[in-house]
Visitor: 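Take this structure first; my questions come after.
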Amino acid sequence: MTAEPPETDDEIRRAVVDRVREVQIPGGDPISEQLLEDVIVEDGIVTFVVNFGRLDQRLGNRVTDQLHGAGLATHGVDHARVEAVDAEAPETGLPVTGVDSLIAVGSAKGGVGKSTVTVSLARALDAAGLDVAVFDANVHAPDAPDLLEAEGPVQSTPSGSPMPVLAEGIEVISVELIAEDGPVAWRGAMVHDVVTDLLGNAVWEDRDVLLVDLPPGIGEAVTTLVQQAPLDGALLVSTPTSAGTRSAERTGALFEAYGVPTIGVVSNMVATDEEGLESPYEGDGRSLVEEINSVEVANESLEPVPFDPSLREPLTSDFDEPSTAGETAIETLASDVQEFLAGSNGPEVPEDAVDLRGLPPTAVQRHSVAEFGVGDAPVSVLMRGDPEELVAVVETSLESDGRSIAESRIRDLGRDGWVIEFEPESDAATPSKSEPPA
């Protein structure tokens, strides 16, 4: 008796997975070797989400083509796509998935209140309705878990990825939550490895924003994160002192060197006229931004955060209806951060853009041509590398097939890569299935 062909998306997905199990690679198949993060089937389109981190370029191209062929060979599949699991990571950087925006909080000087500002800001953003996460990058003296009363140990997924701890609705990852035997003497490459593993491999659960609490100094952990993590922006924290100002300038220079925009300078623990709040520092901190004149900031008028002992216990502070000067300042800071994020999205990416970032270069070229063959509607792709080179390859391939591009637009997404919009000729052929070009 002949089996009924798959019809529903779930049935087609199961059939695609069976086909993929027949694909042979060194060690087994893409599923047994845990190269596939997901297989998505919707409206006749199958999308393979692949972990290319374990593949060299040659094998990556081969696996991409084999998955494409396995998908198209399945009944009910009209088109096949391959995406990289870490597509949103910078080209030379750290994949951070499950998070819409990353904000670093830093200063080269210790004791200026970075952790307190980070955790208080996290609570204020949470009170504003955002899904928030905190990554404590201070491997030597982590404070965020205590401030959030987060309890470990960090658990792992079956594939070994760390799972953040949930504390009052905020996801938290810190070395403090994995070092069960107390402080660890992290050194050099060890710092790099623990930071990249905890942040890059963590299974963040649909977070709107992740705050990265940087350690003091500009050592291994700080440089690794600023250089490689997909940071959307950063906050500098300083007390109203000359030493704090100089340290903030050093960190701000590091942000600028790696293209991370500085949102503004948070003047912390400043003096206030409010009764009972006696700051150890003089001045209201409003001249701090002018003193840090070597750093370009997006917002020169961030409200100073007064010395407020209630902020030492962020979980007891109320940022929904603030009643102290410190709570009010942090609530305002949360609004400023949200405003920055709303205006820092850069060029709008078409919702139906095909994400080819993270694929091997040859696979990017082949799949761009294949995407153009799906129909006569405009096609948008996301990529990294040289966009002009990709356009030239696509045009050459289409000309050899008797087709052409009416127009293409290239837009720079900064650290996120490029979006290229291909406008096909109106009389372009519309094949029933998009076969990969020879």
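All heavy atoms count here, side chains included; hydrogens, waters and symmetry mates do not. This chain uses plain numbering: 1 for the first residue, then up along the sequence.
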Visitor: Less than 4.0 Å between a side-chain N and a carboxylate O, is that true for D100 and R207?
Guide: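 No, no charged N to carboxylate O under 4.0 Å.
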Visitor: Is it true that R123 and E168 have a side-chain N and a carboxylate O under 4.0 angstrom from each other?
Guide: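 Salt bridge: no.
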Visitor: With the threshold set at 4.0 Å, does a side-chain nitrogen-carboxylate oxygen contact exist between K114 and D136?
Guide: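 No, this pair does not count.
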Visitor: Distance check, rounded to the nearest 0.5 Å: I420 atom CD1 versus S380 atom OG?
Guide: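 Separation between the atoms: 9.5 Å.
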Visitor: Please determine whether side-chain contact (heavy atoms from CB on, under 4.5 Å) holds for the pair L198 and F135, giving the CA-CA distance in whole Å, both sets of side-chain angles, and the decisive distance to 0.1 Å.
Guide: CA-CA 8 Å; L198 288 180; F135 177 68; 3.6 Å; yes
Visitor: Just one of V117, L236, V112 clears the side chain to side chain contact (heavy atoms under 4.5 Å, CB included) bar with S107, so which one?
Guide: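 Of the listed residues V117, L236, V112, the side chain to side chain contact (heavy atoms under 4.5 Å, CB included) partner of S107 is V112.
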Visitor: Can you find a heavy atom in the side chain of P424 that is under 4.5 Å from one in the side chain of V379?
Guide: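 Not touching, per the 4.5 Å side-chain cut-off.
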Visitor: State, yes or no, whether a side-chain contact exists between E407 and F422 at a heavy-atom distance under 4.5 Å.
Guide: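 SC-SC contact between E407 and F422 ruled out.
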Visitor: Would you name the heavy atoms of F52 and A84 that are closest together and state the gap between them?
Guide: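 Closest approach of F52 to A84: CD1-CB, 3.8 Å.
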Visitor: Apply salt bridge (Lys or Arg N to Asp or Glu O under 4.0 Å) to the pair R19 and D29, showing each step before the final yes or no.
Guide: CA-CA 10 Å; R19 288 274 187 182; D29 63 79; over 6 Å; no
Visitor: Mark yes or no for whether S368, through its side chain, and V364, through its backbone, hold a donor-acceptor pair below 3.5 Å.
Guide: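 Between the backbone of V364 and the side chain of S368 there is a qualifying donor-acceptor contact (under 3.5 Å).
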Visitor: Around atom CD of E313, are there more than 12 heavy atoms of other residues, nucleotides or ligands at under 6.0 Å?
Guide: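 Count not over threshold, so no.
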Visitor: Hey, does the side chain of S400 reach the backbone of S397 with a donor-acceptor pair shorter than 3.5 angstrom?
Guide: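 Checking the backbone N and O of S397 against the side chain of S400, a donor-acceptor pair under 3.5 Å is found.
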Visitor: Please examine the side chains of L225 and V212, heavy atoms only from C-beta on, and report whether any two atoms are closer than 4.5 Å.
Guide: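 Side-chain contact under 4.5 Å: yes.
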Visitor: Could you walk me through whether T64 and F48 satisfy the side-chain contact (heavy atoms from CB on, under 4.5 Å) test, starting with their C-alpha distance in whole Å, then the side-chain angles of each, then the deciding distance to 0.1 Å, before giving a yes or no?
Guide: CA-CA 9 Å; T64 299; F48 300 100; over 6 Å; no
Visitor: Do the side chains of H68 and H367 get nearer than 4.5 Å, heavy atoms only?
Guide: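 Result yes, sub-4.5 Å side-chain heavy-atom pair found.
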Visitor: From T316 OG1 over to E149 CD, what is the distance, rounded to the nearest 0.5 angstrom?
Guide: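 With rounding to 0.5 Å, OG1 (T316) is 9.0 Å from CD (E149).
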Visitor: Answer whether the closest heavy-atom distance between the side chains of V49 and L36 falls below 4.5 Å.
Guide: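 Of all side-chain heavy-atom pairs linking L36 with V49, none is under 4.5 Å.
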Visitor: Any non-hydrogen side-chain atom of F372 less than 4.5 Å from a side-chain atom of I405?
Guide: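 Counting from C-beta outward, F372 and I405 do come under 4.5 Å.
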Visitor: Could you walk me through whether I218 and R250 satisfy the side-chain contact (heavy atoms from CB on, under 4.5 Å) test, starting with their C-alpha distance in whole Å, then the side-chain angles of each, then the deciding distance to 0.1 Å, before giving a yes or no?
Guide: CA-CA 8 Å; I218 50 175; R250 290 175 60 199; 3.6 Å; yes
Visitor: How many angstroms lie between atom CZ of F319 and atom OG1 of T332, to the nearest 0.5 angstrom?
Guide: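 Here the interatomic distance stands at 11.5 Å.
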Visitor: Using only heavy-atom distances, determine whether the side chains of N201 and S161 contain a donor-acceptor pair under 3.5 Å.
Guide: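 No pair is found: no donor N or O on one side chain lies under 3.5 Å from an acceptor on the other.
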Visitor: Using a strict threshold of under 4.0 Å (side-chain N to carboxylate O), is an ion pair present between E83 and R357?
Guide: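 Result for this pair is no, no salt bridge flagged.
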Visitor: Measuring from atom CZ of R21 to atom OG of S32, what distance do you get when rounded to the nearest 0.5 angstrom?
Guide: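 Between R21 CZ and S32 OG, I get 8.0 Å after rounding to 0.5 Å.
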Visitor: Under the criterion side chain to side chain contact (heavy atoms under 4.5 Å, CB included), which of D336, T118, L302, L211 is the partner of L235?
Guide: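 Only match with L235 under side chain to side chain contact (heavy atoms under 4.5 Å, CB included): L302.
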Visitor: Would you say the side chain of L199 lies within less than 4.5 Å of the side chain of I173, judging by non-hydrogen atoms?
Guide: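 Sidechains of L199 and I173: no contact.
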Visitor: Within a strict 4.5 Å, meaning less than it, do heavy atoms of the V16 and I12 side chains meet?
Guide: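 Result yes, sub-4.5 Å side-chain heavy-atom pair found.
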Visitor: Out of curiosity, I25 CD1 to L55 CG, how far, rounded to the nearest 0.5 Å?
Guide: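 Reported value, rounded in 0.5 Å steps: 6.5 Å.
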Visitor: For E389, what residues pass the salt bridge (charged side-chain N to carboxylate O under 4.0 Å, His left out) criterion, not counting sequence neighbours?
Guide: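 Partners of E389 by the salt bridge (charged side-chain N to carboxylate O under 4.0 Å, His left out) criterion come out as none, since no residue qualifies.
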Visitor: Are more than 12 heavy atoms from other residues, nucleotides or ligands located less than 6.0 Å from atom CD of E37?
Guide: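 Check fails, neighbour count at 12 or below.
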Visitor: With rounding to the nearest 0.5 angstrom, report the CG to OG1 distance, N268 to T116.
Guide: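 Reported value, rounded in 0.5 Å steps: 7.5 Å.
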Visitor: Check whether any side-chain N or O of W418 sits under 3.5 Å from a backbone N or O of G385 as a donor-acceptor pair, and report yes or no.
Guide: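 Such a contact is found between W418 side chain and G385 backbone.
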